[in-house]
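Dropping the structure in here first, questions after.
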Number of protein chains: 2
Amino acid sequence: MSVVIPEIYNVHTPLLVAVDCIIFGFNECELKLLLVKRQMEPARGEWSLMGGFLGEHESLDEAAARILNQLTGLTDVYLDQLYAHSDPDRDPGARVISVSYYALIKISQHNQELAKEHDAEWFKLSEIPKLIFDHNLMVDMALQLLRKQAKTKPVGFELLPEKFTLPQLQALYEAIYQKELDRRNFRKNVLSMGMLEKLDEKDKTGSRKGAWLYRFNISKYESFRNQGFFFNVSV
Amino acid sequence: MSVVIPEIYNVHTPLLVAVDCIIFGFNECELKLLLVKRQMEPARGEWSLMGGFLGEHESLDEAAARILNQLTGLTDVYLDQLYAHSDPDRDPGARVISVSYYALIKISQHNQELAKEHDAEWFKLSEIPKLIFDHNLMVDMALQLLRKQAKTKPVGFELLPEKFTLPQLQALYEAIYQKELDRRNFRKNVLSMGMLEKLDEKDKTGSRKGAWLYRFNISKYESFRNQGFFFNVSV
DNA sequence: CCAAAAGTGTTCGCCGTACACCCATGA
DNA sequence: TCATGGGTGTACGGCGAACACTTTTGG
């Protein structure tokens, strides 16, 4: 059975719709971004966010997940839609609307082979190069959203390994907000939420004494949330 | 000089991109939404958000402003991009991505003739009918965003007349959060921010005694913001 | 004079913030 | 034994929340 497209839809101009991913990672006490060298014209060879076009039968969320998977090999990644960028002249090659997504990945888990194939590299936030089109703006917006969300949602844990130490968690928050935090207050704060599970292991890579490993307890988070108690880190 | 469209852009499917506006207003102590009876197939005659297609040479922001103007006659309205809705089956007539915008207008200022031409009506939030496609979802998301923003940005003033009383402002916040607020705490709170200007007039329509009129002082708001002091209403 | 809405201050508890010393361990 | 990072408790101030009576004036 064929679908009859109503007249009204025909008088309007179809456009290309793309998705660009701002991919955050965290290691060595630094917040980082995964960027690729663009492999197509225009602007071939310049640094760019990983992107692609929306397929005929997929949603934007699905396109973002597909594109992220192409570069990292990861599935089930934290992805949030950011903004639809639509300046008619934003892409000199054609009229393209781009919807940006921000992704938080565990940097140790991504597929480095795939990254190499795409000429991808991790950049410290402080060393982001000039990117094509409006991609630097996308990065700024993503960072703003990350800063907003990390206060009230447990997004930070997406960037850490499953097991992490409190000094690591604190370093992550310090990297996100570019601000030193007080150890005692930070611990009191995050532990008092009752969403962290202390394990019986220590991580001894960071110091002679070693730091206790913790795990984020997502089911406690959800049950607290249902009772109206929300995640809250003060920075 | 003609522009050569690079090959890569040609292998992808162009899509229709639309904009839908969630238009909030406030009067008689109620938060309301301006909805239209859809005048095109599919779903002709059903209740819908005001929408339209993105033009070839305009940005989404421009399209949203144009569409809002068609219905209300207003320009310079508070508009915020909300979300890009992209389920492949969301519009049964064709593959259409819709970017939703939320608008805050002063209900007394819109052009009622234009509204009548579009079969538009104001609905109390509690009485929103079933809308076409995913428009009810858009409304829910807009309300969530409004609730988030009204705490920390002076968006509420977009919904009130230039001159308003503190009881009116409080009623607006009570309508937004569906929650009664304490008069004394509310006044202390909003007055202490130092962004409201007390006028020498009273509004006597609400009571025999009359309530003092105030005006929002946007330049004080901006200078405070530059100093790191932000708008903050506790609800 | 009375009904109906506007206006006004104080108290209390909690949370965010500041701050300094001991602990465990490998080299 | 010492250098390095990990771990711990208390005191203060400010802000949000609770709460009740007086004022004005049109009918």
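Naming convention: chains lettered A, B, ... in sequence-line order (proteins, then strands); numbering from 1 in each chain.
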ask   = Between R187(B) (CZ) and dC19(D) (P), how many Å, whole number?
value = 20 Å

key: Protein-nucleotide distance (Q170(B), atom CD; dT8(C), atom P), rounded to Å   = 13 Å

key: Nearest-Å distance for atom pair NZ/C1', residues K188(A) and dC15(C)   = 9 Å

key: Side chain R184(B) and base dG7(C) donor-acceptor under 3.5 Å   = no

inquiry  = Counting only side-chain nitrogens and oxygens, does S207(B) get under 4.0 Å of the OP1 or OP2 atom of dT24(D)?
reply    = no

query = Which comes earlier along DNA chain D counting from the 5' end, the contact point of G210(B) or that of S234(B), where each point is its nearest nucleotide?
reply = S234(B)

task = Would you classify D182(B) as touching base, sugar-phosphate or nothing, given that sugar-phosphate means primed atoms plus P, OP1 and OP2, and contacts are heavy atoms under 4.0 Å?
result = base

task = Describe the nucleic acid contact of K204(A) in one word from base, sugar-phosphate, nothing, applying a heavy-atom distance below 4.0 Å.
result = sugar-phosphate

Whole-Å gap separating P (dC21(D)) and CZ (R183(B)) = 14 Å

Parallel, tilted or perpendicular: rings of Y221(B) and F216(B) (30°, 60°) = tilted

message = Output the rounded distance in Å from CG (L213(A)) to P (dG6(D)).
response = 12 Å

remark   = To the nearest angstrom, the NZ-C1' distance between K209(B) and dA6(C) comes to 4 Å

key: Greater than 12 external heavy atoms within 6.0 Å of N226(B)'s CG   = yes

Chi angles and distances behind the side chain to side chain contact (heavy atoms under 4.5 Å, CB included) call for M50(A), Q70(A) = CA-CA 9 Å; M50(A) 180 67 180; Q70(A) 282 168 19; 3.9 Å; yes

remark   = To the nearest angstrom, the CZ-P distance between F164(A) and dG6(D) comes to 15 Å

ask   = Is a side-chain donor or acceptor of N136(B) paired with a backbone partner of L131(B) at a separation under 3.5 angstrom?
value = yes

query = In whole Å, what is the span from the NZ atom of K202(A) to the P atom of dC23(C)?
reply = 13 Å

ask   = Regarding K198(B) and the six-membered ring of W212(B), is the cationic atom NZ or CZ under 6.0 Å from the ring centre and inside 45° of its axis?
value = yes

request  = Report the nucleotide, chosen from dA17(D), dG9(D), dG26(C), that has the shortest atom-to-atom distance to any side-chain atom of R208(A).
outcome  = dG26(C)

